[in-house]
Student: 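One structure coming up, written as structure tokens, with questions to follow.
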Amino acid sequence: MATDAHSGSSSRNEPLHVDGEDHLDDVVAEHDVVLVDFYADWCGPCQMLEPVLETLADETEATIAKVDVDEHQLLAGEYGVRGVPTILLFADGEQVEQHVGVLPEERLRNLISEYTE
């Protein structure tokens, strides 16, 4: 089995790309606060959100994970994703937030800080 390239100490500095349900479950279990971005490459608003998520990955205590809805349609369906981008926030292994659409960086930062302090 291949080694997960994202398991190094830099995993908090850039978004993790989720490769399936088991990987997402592992990420949520291993980290206290995880912000999951369900996105599509063809989605303009998703592309607008990308630099914001990279900044949050680098500057906050949250782990940022990304799920490509085209590659992982069943996983997106399990979480009720009907539009992209959809942001889910997990704290201590439990889903605590779900938002559809692009949220401003400050709003996302505030959501994360509610669960990391």
Side-chain angles (χ1 to χ4, degrees):
M1 183 172 196
T3 305
D4 183 4
H6 299 294
S7 62
S9 62
S10 67
S11 65
R12 199 177 264 169
N13 296 328
E14 59 186 47
L16 302 172
H17 289 270
V18 173
D19 62 11
E21 181 178 0
D22 290 340
H23 187 209
L24 180 59
D25 290 345
D26 290 345
V27 170
V28 169
E30 291 171 10
H31 302 279
D32 293 335
V33 176
V34 180
L35 185 144
V36 182
D37 172 31
F38 284 86
Y39 76 100
D41 289 333
W42 48 262
C43 166
C46 299
Q47 294 168 8
M48 290 171 36
L49 191 57
E50 180 72 22
V52 171
L53 296 176
E54 289 174 359
T55 298
L56 293 173
D58 195 42
E59 297 179 358
T60 69
E61 293 298 312
T63 297
I64 308 297
K66 297 181 64 62
V67 178
D68 184 331
V69 296
D70 291 328
E71 290 183 20
H72 303 289
Q73 293 177 13
L74 293 177
L75 182 58
E78 282 184 39
Y79 285 98
V81 174
R82 298 185 181 273
V84 289
T86 292
I87 301 291
L88 274 58
L89 190 68
F90 291 85
D92 299 320
E94 299 293 321
Q95 182 180 336
V96 293
E97 302 274 350
Q98 182 165 341
H99 301 275
V100 179
V102 176
L103 296 178
E105 180 178 343
E106 195 59 33
R107 174 82 170 107
L108 290 170
R109 195 177 292 276
N110 289 340
L111 278 175
I112 290 168
S113 69
E114 286 179 37
Y115 297 98
T116 56
E117 293 178 348

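These numbers come from a predicted model, not from an experiment.
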Student: With rounding to the nearest 0.5 Å, note down the distance linking OG1 in Thr55 to CD in Glu105.
Tutor: 5.5 Å

Student: Which pair of non-hydrogen atoms, one from Pro45 and one from Pro85, has the smallest distance, and what is that distance?
Tutor: CB-CD, 3.9 Å

Student: Measure the CD-CG distance between Glu50 and Asp37 for me, rounded to the nearest 0.5 Å.
Tutor: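 Glu50 atom CD to Asp37 atom CG measures 7.5 Å (nearest 0.5 Å).
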
Student: What I'd like to find out is whether the side chain of Ile87 reaches to under 4.5 Å of the side chain of Leu108, using heavy atoms alone.
Tutor: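 Yes, their side chains come closer than 4.5 Å.
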
Student: Could you tell me if the side chain of Thr60 sits less than 4.5 Å from the side chain of Val33, heavy atoms only?
Tutor: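 No, too far: nothing below the 4.5 Å cut-off.
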
Student: Are any of the side-chain heavy atoms of Thr86 and Gln98 separated by less than 4.5 Å?
Tutor: yes

Student: Is there a path from Val67 to Tyr39 through hydrophobic residues (I, L, V, M, F, W, Y) whose side chains come within less than 4.5 Å of each other?
Tutor: no

Student: Taking only residues two or more places apart in sequence or in another chain, which ones pass side-chain hydrogen bond (donor to acceptor under 3.5 Å, both in side chains) with Glu21?
Tutor: none

Student: Any side-chain heavy atom of His99 sitting closer than 4.5 Å to one from Leu111?
Tutor: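 The answer is yes; the side chains approach within 4.5 Å.
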
Student: Measure the spacing between CD1 of Ile64 and CG of Asn13 and express it to the nearest 0.5 Å.
Tutor: 11.5 Å

Student: For residues 69-83, dump all side-chain donor-acceptor pairs below 3.5 Å to protein atoms at least two apart in sequence or in another chain.
Tutor:
residue	atom	partner	partner atom	Å
Asp70	OD2	Trp42	NE1	2.7
His72	NE2	Val18	O	3.3

Student: Decide yes or no for Glu117 and Glu61: does some side-chain heavy atom of the first lie under 4.5 Å from some side-chain heavy atom of the second?
Tutor: no

Student: Do side-chain atoms of Asn110 reach the backbone of Glu106 as a donor and acceptor pair under 3.5 angstrom?
Tutor: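 Yes, the answer is positive, given that a donor and an acceptor are paired below the 3.5 Å cut-off.
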
Student: Quick check: closest heavy atoms across Gln47 and Asp41, and the distance to 0.1 Å?
Tutor: NE2-O, 2.6 Å

Student: Using side chain to side chain contact (heavy atoms under 4.5 Å, CB included) as the criterion, point out the one residue from Val36, Val96, Thr63 that pairs with Phe90.
Tutor: Val36

Student: Quick one: pull up CD1 in Ile112 and CD in Glu97 and give me the separation to the nearest 0.5 Å.
Tutor: 10.5 Å

Student: Let me check something: do Leu103 and Leu89 share a hydrophobic cluster, defined by ILVMFWY side-chain heavy atoms less than 4.5 Å apart, either directly or through other members?
Tutor: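 Yes: a chain of side-chain contacts under 4.5 Å links Leu103 to Leu89.
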
Student: Rounded to the nearest 0.5 Å, how far does NE2 of His31 lie from CG of Asp92?
Tutor: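 Those atoms lie 13.0 Å apart.
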
Student: Honestly curious: do Leu24 and Val84 fall in one hydrophobic cluster under the side-chain, below-4.5 Å linking rule?
Tutor: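 Leu24 and Val84: one cluster.
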
Student: Between SG of Cys43 and CE of Met48, what distance do you get to the nearest 0.5 Å?
Tutor: 9.0 Å

Student: Under a 4.5 Å cut-off applied to non-hydrogen side-chain atoms, are Arg109 and Leu56 in contact?
Tutor: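 Yes. Closest side-chain heavy atoms under 4.5 Å.
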
Student: Got Thr116 and Asp32 here, is their nearest side-chain heavy-atom distance under 4.5 Å?
Tutor: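 No, every pair of side-chain atoms sits at 4.5 Å or beyond.
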
